[in-house]
Amino acid sequence: MLSKQTLKLTIPFILLFTLFILLAWELFYSKPSELPSALIGEEVPAFKLPDLYPSQPPLTQKTLTGQIMLLNVWATWCYACSLEHGMLMKIKNEYHVPIYSIDYKDNSQDALNWLQENGNPYEQTGADTKGDVAIDFGVYGTPETFVINAKGKIIYRHIGAIDQKVWDEVLYPLIRQHGEKK
Amino acid sequence: MIRLFGEISLLLALLFSITQSILPLWGFWRHNKYALAFARPSAWGQFIFTLIAYVLMTIAFGISDFSIAYVAANSHPSLPLMYRLTAVWGAHEGSILLWIFILNIWTVAFSFISRKSTAQHPTMQDTRTLTLAVLGIISLCFLCFLLLTSNPFLATSEPQMGRDLNPLLQDPGFVIHPPMLYTGYVGFSVAFAITLAALITGKLDSAWAHITRRFALAAWCFLTLGITLGSWWAYRVLGWGGFWFWDPVENASLLPWLSGTALIHVLILCEKRDAAKGWAALLAIICFALSLLGTFLVRSGVLVSAHTFANDPARGLFLLILLAIVTTAALAVYVARIPQFTVIKAPAFSWLSREMALLLNSALLFVAMTTILFGTLYPLILDALHLGTISVGAPYFNMVMMPLVMIVMACMGLGALLHWQQQSVKQLWRQTWKKLLISIVSAIAILWGVTGSLDITAIISMSLSFWILLSVKNSIRFYPGMSLAHIGFAVLVIGIMLSSVLNQEREVRIQPGDHAFIGPYQFNFLNTKGVNGSNYRGIQAEFEVTKNRHHIINMYPEKRIYTVREMVMSKVDIHPGIFRDLYIALGEPLDDTHWSVRIYYKPFVRWIWFGGMIMILGGLLAILQRKELFQRGKI
Amino acid sequence: MKLLFWCISLILLVSTVNVYADNQDPYPFTSSVEADRFHALTREIRCVVCQNQNIADSNAPLANDLRDKVYQMVLAQQSNNEIKDYLVKRYGEFILLQPRFNKSTIALWLFPFVGIVTIFSILLRFMYRRR
C-alpha cells in the first residue's frame with residue numbers, strides 16, 4: 001500500500017535520520033578547532049623579512065622555491081614550539097628536509113640566544129616582529145608548519161607541534177609524494 | 001562513604017525507574033492492574049533516591065571531599081561557600097545529575113497535581129499512568145547515561161588539592177541560571193509524556209489539552225526565566241556589555257523556547273475550540289526533542305562555542321542515540337495514532353479570526369525556530385559535505401530574524417483584537433485604525449525626541465511595540481496572563497531597540513588623573529590598588545562618575561588572577577538604572593601607569609530583562625487563571 | 001491613552017543630548033562615517049583563536065593585530081569588500097561572521113523565505129479543504 005500518503009509519512013523520518021547521521025559524522029570526523037588553511041594550492045605570498053642573523057640576506061618568497069621544504073612559524077615565548085625543537089633537528093639531520101622559519105612577534109636577541117643554546121634547525125629565519133607577514137600566511141597560532149613544494153606552492157599546513165607520529169603519518173609521506181615529481 | 005551511598009542511591013533510583021516505566025507499560029499492554037499500579041509509588045521512590053544522591057553530592061562539595069574526582073575537578077577549599085554548593089552543576093557529570101533530579105521533581109509534581117483531575121475524569125487514569133511510564137523511560141535512559149559514561153561519584157586516582165571552579169562561573173548568575181534553565185528544558189518532558197500517553201490511550205481530548213497547557217506554561221515560564229538570567233549574566237561577566245550573541249549554545253536554548261511558545265498558543269485552540277490537536281501534539285513532541293538536541297549539542301563538541309562542556313565523543317554518541325531513539329519512537333506513535341484525531345469537528349473559521357491568528361503565529365514561530373536550527377547546523381552540514389568551513393554568526397541571525405519578529409509582532413497585536421471565528425474587515429478597521437495611527441505617530445515622536453535620528457527599522461519596531469501595548473488594553477480584565485506576557489514582549493523589544501540605537505562605547509587609554517567623557521557622563525580615573533579575595537588576587541581601579549559636575553557614583557572595575565587555575569579575568573562594574581546602565585571594564589595595563597579601559601553608556605538596556613520578567617509574570621497568571629473564566633471568554 | 005502620554009513624557013524627559021570628546025581613542029578617525037564603518041567591520045570579523053567572538057570584543061593578540069590591520073585599511077580608504085576579500089584570502093570564509101552569498105550558502109539565505117512560503121501554502125490548503 002505504497003500510497004502517496006505513506007510516502008508523505010516517511011519524509012519526516014528520512015529528514016530525521018539525515019540529521020542524526022550528519023551529527024554522528026561530525027561527532028567523529030570534525031575538528032572544529034582546527035581551521036584548514038585558505039592558502040592551500042596557492043603560491044607563497046610575496047613578502048620580505050630581515051634575516052634573524054644581520055649578516056644574512058633578507059628572507060623572501062623567492063627563497064622558498066626550488067625544492068620541497070618546510071616553513072615553520074615559531075617564537076621563544078611559545079611553549080609548544082620548544083617541544084617540537086628536537087623533532088625539527090631530527091628532520092634536518094636525519095631526513096635532510098630543509099626547514100625555513102619565521103620568528104613570530106618575538107624579540108630578535110632572545111631568538112638568537114635561544115637558537116645558540118639549543119641548536120638551529122633552520123636554513124634561514126625571518127624576523128616578523130610585528131606579525132604582518134604571518135597574517136599574510138593566515139597564521140593564527142604557533143607553532144604552525146607549512147609544506148611548500150618546489151614550485152613555491154603551499155601544499156599543506158600543520159597546526160601544533162610536530163612529533164614523530166605526525167611526521168611519519170602525515171608530513172613525510174606528503175614530502176616524499178611531492179618531492180619526487182621533478 | 002559519600003561515594004558509596006551516592007552510587008547506591010543512583011542504582012536504587014535506576015531500579016525504581018525500571019519499575020516506573022517498563023512494568024506499567026507491560027501492564028498496559030497486558031491489561032494487568034497490578035503492574036500499572038507500580039507507576040505512582042515508583043515515581044516517588046525514584047524521586048527520593050535521586051534527591052538523596054543530589055544532596056550527597058552537595059554535601060561532598062560543601063565539605064570539600066576531594067576523594068571524589070568530580071568534586072576535586074571543580075572545587076577548592078578557598079572557594080566561597082555559595083559557589084562550593086552550586087559547583088555541583090559546574091561541569092558535565094554534575095549537570096546531568098541535576099537534570100535527572102529536576103526530571104524527577106517534575107514527575108512527582110505531575111503525579112501530585114494530576115490527582116485532582118483524575119478524580120474528576122476517571123478515564124484519565126490510564127493516561128496518567130502512562131505519562132509516568134514515559135517519564136520513567138526518559139529518566140531510565142539518563143540514569144544509564146550517568147552511570148555508564150558520566151558518573152559523578154567516581155573516585156580520584158591520586159590525592160588532589162582541588163582545581164577550583166572555573167572563574168567565569170564564580171558569579172551570582174551562575175547560582176541561579178542553570179537550575180532555572182534546566183527546569184525549563186526538562187519541564188517540556190511532561191508535556192511530551194502526557195501527549196504520548198494520550199496518543200497511546202486514545203484520549204486526546206480537552207482534559208489532555210487543559211493539563212498539557214498548564215504544564216507547558218510552567219516549563220515555558222522557567223525557560224524564559226533561565227534565558228533572561230543567562231542574558232543578564234553574560235552581560236555582567238563577559239566584559240563587553242552584550243546581552244545575546246547567537247552563540248550555538250544560546251541558540252540551543254532558544255529553539256525549545258520558540259516551539260514552546262508556539263505550543264502554548266496552539267493548545268488554546270485545542271482547549272477552547274477542540275481544533276488543531278494534531279499540530280499541538282506534534283509541537284509537544286518537537287519541543288522536548290529540541291531540549292534533548294540542545295543537551296546533545298552542548299556536550300558533544302561538534303559546535304564551537306564559549307559555553308561547551310569538556311567533550312568526549314563516547315558521551316556525545318550515547319546522547320545522540322538516546323535522542324534518535326526517543327524522537328523516532330515518539331514520532332512513530334504520533335504517526336500511527338494521530339489519524340483518528342484529525343477529523344475536524346471545530347466550527348469553521350475564516351481568515352480574519354483569532355483562530356487564524358493563533359495558527360499563523362505558531363507557524364511563524366516554527367519557521368523562526370527552524371531558521372535558527374538550520375543556521376546553527378549549517379557550518380556542520382558544509383563541513384560534512386566537504387564544501388568548506390564557514391561561520392554563521394550574529395550578523396546573519398540578526399538580519400534574518402528581524403523581519404520574522406516584526407511579522408510575529410503584527411500578528412500578536414491583531415490576535416488580541418480579533419474575534420473568534422470571524423470578523424469583517426470593516427469592523428476590524430474601525431477598531432484598529434486609531435491604534436495603528438497612535439502607534440506610528442508616537443514611535444516617530446519618541447525616536448525623534450530621544451535619538452535625533454529616524455531609522456526605518458527602529459520606527460517599525462517601536463510602532464509594533466506600541467501596537468501590541470495598545471492591543472491588550474481591553475483584554476487585561478479577562479486575560480491578564482496573555483496581556484501581561486504580550487506587554488512584557490513589547491517592553492523587551494523596546495529595550496533592545498533603544499539600547500542598540502542609543503548605546504555608546506568608548507575604548508580609551510587612560511591613567512590616574514585623566515578623565516573620559518561618554519554620553520552626559522564624565523569618568524574620572526582616581527587610582528588603582530591591589531585587592532585580595534579568598535581564591536584570587538588582583539588590581540582594582542577606582543573611577544568617579546559625574547554628570548554636570550554632580551557626583552553620581554564611584555565605580556570599581558577589577559582585573560583578577562584566580563590563583564589555582566591561573567586564569568585572568570576582568571571583573572566589570574555596572575551602575576544599573578531603570579533608564580540607563582553605566583558599565584566599565586578594565587582591559588590590559590599598557591605601561592607603568594596607563595590602562596586600556598572600556599566604558600559603555602547603555603540606555604534602556606535593563607528594559608530587556610524587565611520585559612522578560614513581565615513575560616514570566618504573565619505566564620504565571622495564565623497558569624493560575626480560573627478554568628471557567630477562560631472557557632467562557634467573551635472576547 | 002493617559003498612561004501612554006505619561007510614558008512618552010517620562011521617556012522624553014530623561015533622554016539626554018550626547019556630548020562627544022575623543023582625545024584618548026586608540027583608533028582615532030577624522031570622520032564619523034569612517035569610524036562607524038570600522039566599528040561595524042570589526043563586529044563582522046571573527047576572532048579565529050577565540051571561542052565564538054568577534055575582533056571588536058576580543059583581547060587576544062591576533063584579534064588586536066587584525067583590528068590594527070583593519071584600522072589601517074579603513075584609513076587607506078579601502079572598501080568593505082576589499083577588506084573582507086583580503087581577510088578571506090588568508091583565513092578562509094570562516095573569518096566572516098556573516099556568510100557571503102555564493103553557491104554553497106544559497107540554501108542558508110533562501111531558507112527563511114522558503115519557510116514562510118511553505119507555511120502559507122499549507123495554511124491555504126487547510127482553509128481551502130474546509131470549505
Side-chain angles (χ1 to χ4, degrees), chain B residues 238-240 242 245 247-248 304-306 308 344 348 351 356 359-360 363-364 366-367 370-371 374-375 378 382 387-396 399-400 403-404 407 438 442 445-446 449-451 466 469-470 502 504 506-510 514 516-517 519-520 579-580 587-588 596 603, chain C residues 1 3-5 7-8 10-27 39-40 43-44 46 48 50-54 56-59 64 92-100 103-105 107-109 111-112 114-116 118-120 122-123 126-127 129-131:
Chain B
L238 291 177
W240 46 87
F245 307 89
D247 182 81
V304 180
S305 156
T308 47
I344 299 163
W351 277 96
M356 181 47 81
L359 274 181
L360 193 59
L364 287 168
F366 190 75
V367 170
T370 47
T371 307
F374 195 55
Y378 203 74
L382 284 192
L387 285 173
T389 316
I390 65 162
S391 299
V392 180
Y396 168 79
M399 190 179 286
V400 154
L404 271 172
I407 303 177
I438 297 176
S442 12
I446 292 201
V450 170
T451 70
F466 289 142
L469 289 173
L470 290 172
L502 292 173
Q504 285 184 53
R506 310 272 324 278
E507 185 182 352
V508 292
R509 297 185 173 161
I510 197 173
D514 283 349
F517 291 94
F579 289 104
R580 61 102 188 106
E588 302 302 312
S596 156
Chain C
M1 259 321 271
L3 184 63
L4 189 61
F5 170 73
C7 283
I8 295 179
L10 201 56
I11 292 178
L12 282 172
L13 225 91
V14 299
S15 69
T16 46
V17 179
N18 302 328
V19 173
Y20 215 81
D22 55 333
N23 48 328
Q24 312 110 325
D25 221 328
Y27 298 110
H39 285 115
R43 272 193 282 274
E44 282 188 39
R46 185 172 197 153
V48 290
C50 315
Q51 299 280 73
N52 210 30
Q53 277 178 255
N54 56 38
D57 297 332
S58 168
N59 271 319
N64 293 335
E93 296 281 341
F94 183 71
I95 200 171
L96 296 179
L97 283 168
Q98 183 168 326
R100 301 206 279 196
K103 269 192 308 188
S104 47
T105 62
L108 182 69
W109 285 103
F111 187 85
V114 169
I116 295 189
T118 313
I119 57 159
F120 267 111
I122 293 179
L123 275 173
F126 172 70
M127 292 299 276
R129 249 195 294 142
R130 296 194 74 200
R131 291 209 181 284

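Throughout, a chain's letter reflects where its sequence line sits, starting with A, and its residues are numbered from 1. We use all heavy atoms of the structure for the numbers below, so side chains are in, but hydrogens, waters and symmetry mates are not.
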Requested in this report: Would you mind checking which part of C/T105 comes under 4.5 Å of any heavy atom in chain B, side chain (CB onward), backbone (N, CA, C, O), both or neither?
Outcome: both
Query raised in the report: Side chain, backbone, both or neither: which part of C/D57 has a non-hydrogen atom closer than 4.5 Å to chain B?
Result: both
Query raised in the report: For the candidates C/L97, C/N59, C/I122, C/I95, which exhibits the highest count of non-hydrogen atom pairs separated by less than 4.5 Å from chain B?
Result: C/L97
Query raised in the report: Using non-hydrogen atoms only, which part of C/A107 is less than 4.5 Å away from chain B: side chain, backbone, both, or neither?
Result: both
Query - Least distance between heavy atoms, B/E507 atom then C/Y27 atom - result: OE1-CE1, 4.4 Å
Query raised in the report: Picking from B/S596, B/G587, B/G388, B/A363, which has the most non-hydrogen pairs under 4.5 angstrom with chain C?
Result: B/A363
Report summary line: Scored by heavy-atom pairs under 4.5 Å with chain C, the best of B/L238, B/L387, B/T371, B/L360 is B/T371
Query - From CG (B/L359) to CD1 (C/I119), nearest 0.5 Å - result: 10.5 Å
**Report entry** Interchain contact, B/I390 with chain C, by part (heavy-atom threshold 4.5 Å)
**Finding:** both
Query - Sequence-distant partners of C/S104, side-chain hydrogen bond (donor to acceptor under 3.5 Å, both in side chains), two or more places apart - result: C/N102
Query raised in the report: At a heavy-atom separation under 4.5 Å, does B/L364 approach chain C through its side chain, its backbone, both, or neither?
Result: both
Query raised in the report: When B/V367 is tested against each of C/T118, C/I116, C/V114 for side chain to side chain contact (heavy atoms under 4.5 Å, CB included), which residue passes?
Result: C/I116
**Report entry** Closest non-hydrogen atom pair between B/P395 and C/R43, with its separation
**Finding:** CG-O, 4.4 Å
Query - Short side-chain to backbone donor-acceptor contact, B/Y396 and C/L108, under 3.5 Å - result: yes
Query raised in the report: Listed by chain and number, what are the ring-ring contact (aromatic ring centres under 6.0 Å, His included) partners of B/F366, not counting sequence neighbours?
Result: B/W279
Query raised in the report: Is a donor on one side and an acceptor on the other found under 3.5 Å between the side chain of B/S391 and the backbone of C/F94?
Result: yes
Query raised in the report: For B/V400, is it the side chain, the backbone, both or neither that has a heavy atom under 4.5 Å from a heavy atom of chain C?
Result: side chain
Query raised in the report: Would you say C/L123 and B/M356 make side-chain contact, with heavy atoms under 4.5 Å?
Result: yes
